[in-house]
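Numbers restart at 1 for each chain; the letters A, B, ... are given by sequence-line order, proteins then strands.
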Amino acid sequence: MPIVVTGLGATTPLGGDMPSTWEALLAGRSGINRLPEDFGPELNVQFAGQLAVEPPLDRVEARRLDRAQQVALVAAREAWADAGSPDVDLLRLGTVIGTGIGGFMTLLEAYDILKERGPSRVSPLMVPMLMPNGPAAVVGLEFRSAAGVHTPVSACASGAEAIAVGAAMIEDGRADIVIAGGAEAPIHPLTMAGFAAMRALSTRNDDPQAASRPYDVDRDGFVMGEGSAVLILESEEHARARGARIYARYAGAGLTADAHHIAQPDPEGRGAARAMRAALAQADASPHEVVHVNAHATSTPQGDVAEAVAIRAALGDAQPLVTGTKSMTGHMLGAAGAAEGAFTVLALYHRVVPPTINLQRQDPEIDLDVVSGAARELPAGDLLALNNSFGFGGHDVAVAFRSV
Amino acid sequence: MSQEIQDGLAVIINEVAGVPVEDVKLDKSFIDDLDIDSLSMVEVVMAAEDKWGVKIPDSDVKNLRTVGDAVDYIAKATA
């Protein structure tokens, strides 16, 4: 069953909505900034991709939702409105919002209350706020989506997996429209300390906006980001019947696993290559049709090379325009795959690929045509693009979109 | 005293559920009129316990149908 994308929404370190985020991407702006002085003075990382705009929610709404739920709701409301607030049988409306961690800030605050004031003062809202399905649940409730509400949890591949699971709901005949995306609010001294302990984060404290530099020889880790992005996936039949604006066609997805290591990527990129091949197979496309790849490209020394190896293995001698938008947004973990899926859709719709910023000297081990310096245009005609997302645990997800 | 308790409850209910302070009247039902769900009711009770230094067991909470019931209960408990 053909599936199309009819709405987009986001709140990111680059903007409080999708248009401002996209504009910043094309302009090559960094969304990375220094953390407040008192955030965690002893942390060896003092910067992150913090939301450009605090979630515009009323006071009561805000206090009942973990930040991960707040960002999901903001992005979903925008995407829904962007799709024209479609009239849909609620029994045929699904929601799939992935997250890497969920509402852990709520958990930490509640634990402080437990220790300081005892069990009788733990909030009755703690459980619904901390559960990883919380962001999906609040979005599902907001739009009364009754076909099913799901939460893929596959670390930094969660948002991309949500797109694949959402599309599967339509393919399986369970839904006509699915609100699909990812949400993450991970900027807390504990998470920063944990990722820093893995030596996964950049420590470029003297120049935060240059810290996320995928493919550059001087990259030294990823930059933590927060945010959410949501896509409205819709059966083409349903979209056409209501005369909806169509951004792009969802063409297929590949979901595999490295089966290699809990945190290290397979240096041969075999799982990632299989994911890309599977996405192309489902899209009924050949490697030479791929004109653009929005890469996972987190700016870690090993990860970027492993993905480049995988792209070469999957696409042969095809040289699509590759970009790493995490250079600007930072790594929004479970939201990243959804955000970059949306960016891939917009690249096809506007026929322009945002640049990878901070790329001064490309790592010689990376044999890719990386868009750097300025955005580059895509040609006219029928185009196919891929979005890659990988996660700790060895999760590999590639999603394919076609232009309309 | 009762007016003071009613005013205090109105502030708590506004904080928890966003109900305008002026809507919190003695004859209003927490569930039917003020749209306070069971989780919010637990929050209201916790805040009231902290504010007036009383203990309101669950077995009593279920009898507090209206704002007036709660005001009377707290007035009696603090008398």
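By a heavy-atom distance cut of under 4.5 Å, A/Arg117, A/Ser120, A/Arg121, A/Val122, A/Ser123, A/Pro124, A/Leu125, A/Pro128 are the residues of residues 113-137 of chain A near chain B, going up by number. For residues 30-46 of chain B, a heavy-atom distance under 4.5 Å to chain A picks out B/Asp37, B/Leu39, B/Ser40, B/Val42, B/Glu43, B/Met46, given by residue number. Inspection of non-hydrogen atoms places no residue of residues 68-96 of chain A under 4.5 Å from chain B. Using a 4.5 Å heavy-atom cut-off against chain A, the contacting residues of residues 6-19 of chain B are B/Asn14, B/Glu15, B/Val16, B/Ala17, B/Gly18.
The environment of B/Glu22 atom CD is dense: over 12 non-hydrogen atoms of other residues, nucleotides or ligands sit within 6.0 angstrom. Within 6.0 Å of CG on B/Asp58 lie no more than 12 heavy atoms contributed by other residues, nucleotides or ligands.
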